[in-house]
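In what follows, a structure is listed as structure tokens, so that the remarks can point back to it.
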Number of protein chains: 2
Amino acid sequence: MKSEPNLKTVAKMANVSIATVSRAINYPDKVDPSTLSRINKIIKEINYRPNRVAQRLRIKGGHRKIFGLLVPDIQNPFYVDVIRGVEDYAYSRNYALLMCNFAQSKDKETMYLNIMKSESVDGMIVAPYDEFDKEVIDLLQKGFPIVCVDRGLGDYQDVDIILVDNEKGAYEAVSLMIKKGHKRIAYIGGLPSIPTSQQRKDGYVKALQKNNITIDDSLIKFGDSKHESGKEIARKLLSLKNPPTAIFTGNNLITLGALESIHASGKKIPQDVAIIGFDDMPWSISLNPPLTAVRQPGYEIGKRAADMLYQRIMDPDRAYSKVMLNTILIERNSC
Amino acid sequence: MKSEPNLKTVAKMANVSIATVSRAINYPDKVDPSTLSRINKIIKEINYRPNRVAQRLRIKGGHRKIFGLLVPDIQNPFYVDVIRGVEDYAYSRNYALLMCNFAQSKDKETMYLNIMKSESVDGMIVAPYDEFDKEVIDLLQKGFPIVCVDRGLGDYQDVDIILVDNEKGAYEAVSLMIKKGHKRIAYIGGLPSIPTSQQRKDGYVKALQKNNITIDDSLIKFGDSKHESGKEIARKLLSLKNPPTAIFTGNNLITLGALESIHASGKKIPQDVAIIGFDDMPWSISLNPPLTAVRQPGYEIGKRAADMLYQRIMDPDRAYSKVMLNTILIERNSC
DNA sequence: TTAATAAATGTAAACGTTTACATTATGAAG
DNA sequence: CTTCATAATGTAAACGTTTACATTTATTAA
């Protein structure tokens with residue numbers, strides 16, 4: 001494989017030192033116009049591009065033009081929206097993106113965190129594994145620029161974070177169910193260790209309490225945030241002697257799994273069982289039936305997270321900001 | 001921000017030269033056991049990790065342990081499967097992954113290709129923008145390790161590639177429609193420049209011809225491979241004076257869009273209009289109605305692509321391999 | 001003309017690794 | 001006790017940039 005052209009190649013062709021070439025690229029007004037144009041012509045001719053690895057090694061933190069992005073589950077369309085938001089922002093500012101999916105595995109998260117660090121990213125956007133995420137907190141304490149999305153870090157407050165009012169979103173959804181006359185409402189959450197799973201449960205509980213419905217613990221279940229567990233838990237719930245008449249599902253994938261089980265059980269939605277999902281999807285309207293869902297602005301979250309990270313990098317001493325966006329309850333036909 | 005420990009830090013603490021530390025890590029049997037354990041203790045203690053950027057700069061191609069992955073649309077669940085396959089393989093071999101989504105934009109593709117090159121990846125897995133993709137072909141000609149997934153490069157044959165028999169998959173789907181009595185069958189393809197859009201159309205045409213149904217060009221449409229265009233085109237198709245009784249959609253997102261339009265039109269599926277989608281989704285069964293679809297083994301494609309890339313890197317002179325996997329037609333209730 | 005200033009360019013160090021080569025210490029064989 | 005091989009370690013160059021500093025050249029002011 002032929003080796004790529006580098007500064008030396010260009011310098012030799014232009015009969016100047018590599019420093020001049022470097023300057024021609026980074027500080028064009030610091031080099032003589034005629035030299036500049038000669039260099040530029042050569043660069044174009046041989047299609048020279050600076051080696052980012054060498055650049056990153058030399059340049060100090062904050063100006064390497066690369067972000068890290070670490071999401072828990074790329075199969076979840078919500079995170080895909082977040083990714084797109086981050087990516088669009090990065091592209092617009094000419095940042096590269098080192099994007100990793102830790103697939104809800106603590107080991108993978110640790111490994112990717114290490115890779116990102118040792119890839120010398122300027123900063124990263126992370127949806128932490130859980131609220132105690134030691135690795136992330138360590139990084140923050142060392143002063144590494146990080147913004148959290150979707151999930152916070154419990155008591156640890158010195159961090160930029162953008163998320164959604166999960167409790168309120170859940171509260172509204174469950175309130176709607178109650179308004180429609182449901183009393184036996186189940187909640188299927190994701191991994192219990194994930195903050196959002198708990199917050200959404202809290203919203204669910206509040207709504208029941210507010211309406212004087214006693215909490216039935218056998219209707220509150222947690223899975224692993226994936227399709228299969230939604231399916232399995234819904235199946236069990238529906239085969240209870242006294243099954244719920246409504247199910248509030250804690251994320252996208254769980255919703256889809258639950259939907260599958262409800263259909264398999266032969267029950268009609270919403271007549272026999274109602275369902276509202278946390279997280280809307282572009283195709284929710286094409287589901288059977290069109291799904292009533294709590295929409296999170298994933299794309300916006302991603303975009304703003306990237307901007308927060310950028311600001312943090314540019315001014316490491318600025319105050320931490322917490323942004324909490326609202327969800328929207330989209331009523332369709334599943335409740 | 002405190003600076004990370006490096007070889008020098010460890011060397012100083014262990015009272016040896018950085019070369020010895022480096023050897024302790026890379027060739028443990030080349031250093032004295034007592035020195036080794038001393039060094040290892042220190043490494044663990046201060047949690048030293050080699051700087052991948054510096055490593056990559058030094059180490060020559062093929063052993064830098066980083067792959068690039070370039071997909072056309074991360075919103076399309078098919079590519080998400082491919083990504084997962086590649087990622088699992090990479091993780092198992094301790095490779096990092098520079099993952100980029102060019103969102104069906106030629107400009108972005110070019111930029112990401114450049115970034116990957118200048119990030120010095122060992123090789124990359126790419127679903128090219130179209131079959132003429134000059135940038136990708138250039139890279140190949142320079143001997144850069146690349147494997148193509150999902151889409152080929154037209155006449156350019158010197159490349160490893162793994163994809164699915166699109167024509168056959170489409171042929172089977174449309175044949176099923178015909179068997180069910182449909183004569184006016186529409187095809188909504190993705191971007192016409194994408195090879196798969198054409199191959200799936202070819203399968204569609206073949207099935208019609210085989211059954212002596214005359215091709216009606218007004219029923220063959222191409223969009224931009226996204227949800228919106230599926231929706232829009234389906235809407236127009238359905239409002240024709242003589243609308244199709246069946247629609248074969250050329251990808252995931254188009255299917256979802258078309259589904260939305262069909263529902264909006266008030267037509268019943270499959271009584272009024274049948275639909276079969278290319279690409280199955282985990283939640284196809286939860287759609288309204290459960291979707292009949294052509295399944296591509298995305299995860300396997302990703303996994304095998306990664307392995308092909310690995311093999312290519314390890315042995316640059318091996319013969320090129322083309323792998324064509326079969327699709328499976330999954331009959332549910334939409335046709 | 002000369003001295004001072006500004007503009008253009010060059011030189012070399014630094015970033016954190018790996019590795020060819022040189023050096024030293026260790027032990028075995030004669 | 002040499003002599004030689006081997007093991008352990010060190011030295012320094014290299015990877016491709018950026019940049020502080022030094023040098024050269026051109027320009028201006030006196």
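Throughout, protein chains are lettered first and strands after them, A, B, ... in sequence-line order, and every chain is numbered starting at 1.
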Under-4.0 Å side-chain N/O to phosphate OP1/OP2 contact, T35(B) with dA8(D):
no
Tell me whether the count of non-hydrogen atoms from other residues, nucleotides or ligands lying under 6.0 Å of CG in D155(B) goes above 12.
no
Which pairs of donor and acceptor atoms, one on a side chain in residues 34-42 of chain B, lie under 3.5 Å apart (sequence neighbours left out)?
residue : atom : partner : partner atom : Å
S34(B)  : OG   : D32(B)  : OD2          : 2.8
S37(B)  : OG   : S34(B)  : O            : 3.2
R38(B)  : NH1  : A14(B)  : O            : 2.3

Length of the line joining [X]:[atom1] and [N]:[atom2], which is rounded to integer Å:
| X | N | atom1 | atom2 | result |
| --- | --- | --- | --- | --- |
| N15(A) | dA8(C) | CG | P | 18 Å |
| K30(B) | dA7(D) | NZ | P | 8 Å |
| D32(A) | dT27(D) | CG | P | 11 Å |
| D29(B) | dT6(D) | CG | P | 16 Å |

Before giving the answer on salt bridge (Lys or Arg N to Asp or Glu O under 4.0 Å), spell out for E87(B) and R84(B) the whole-Å C-alpha distance, their side-chain angles and the decisive distance to 0.1 Å.
CA-CA 5 Å; E87(B) 196 188 36; R84(B) 287 195 313 116; over 6 Å; no
Got a list of side-chain donor-acceptor pairs under 3.5 Å for residues 118-127 of chain B, not counting sequence neighbours?
residue : atom : partner : partner atom : Å
S118(B) : OG   : N114(B) : O            : 3.2
S118(B) : OG   : I115(B) : O            : 3.4
E119(B) : OE1  : R56(A)  : NH1          : 3.1
E119(B) : OE1  : R56(A)  : NH2          : 3.1
E119(B) : OE1  : R56(B)  : NH2          : 3.0
E119(B) : OE2  : R52(A)  : NE           : 3.0
E119(B) : OE2  : R56(A)  : NH1          : 2.7
D122(B) : OD1  : G62(B)  : N            : 2.9
D122(B) : OD1  : H63(B)  : N            : 3.4
D122(B) : OD1  : R64(B)  : N            : 3.1
D122(B) : OD2  : R64(B)  : N            : 2.9
D122(B) : OD2  : K65(B)  : N            : 2.7
D122(B) : OD2  : I66(B)  : N            : 3.4

Describe, in one word, how the ring planes of Y310(A) and Y95(A) are oriented to each other, choosing from parallel (under 30°), tilted (30 to 60°) and perpendicular (over 60°).
perpendicular
Apply salt bridge (Lys or Arg N to Asp or Glu O under 4.0 Å) to K226(A) and list each qualifying residue two or more places apart in sequence or on a separate chain.
D73(A)
Treat primed atoms plus P, OP1 and OP2 as sugar-phosphate and everything else as base, then score nucleotides 12-22 of chain C 5' to 3': B for base contact with protein heavy atoms under 4.0 Å, S for sugar-phosphate contact only, - for none.
--BBBBBB---
Quick one: side-chain hydrogen bond (donor to acceptor under 3.5 Å, both in side chains) partners of E300(A), sequence neighbours excluded?
R304(A)
Please list each protein N or O that sits under 3.5 Å from an N or O in nucleotides 24-26 of chain D, with the distance.
none

If you compare all heavy atoms of Y48(A) against all heavy atoms of I25(A), which two are closest, and at what distance to 0.1 Å?
CE2-CD1, 3.6 Å
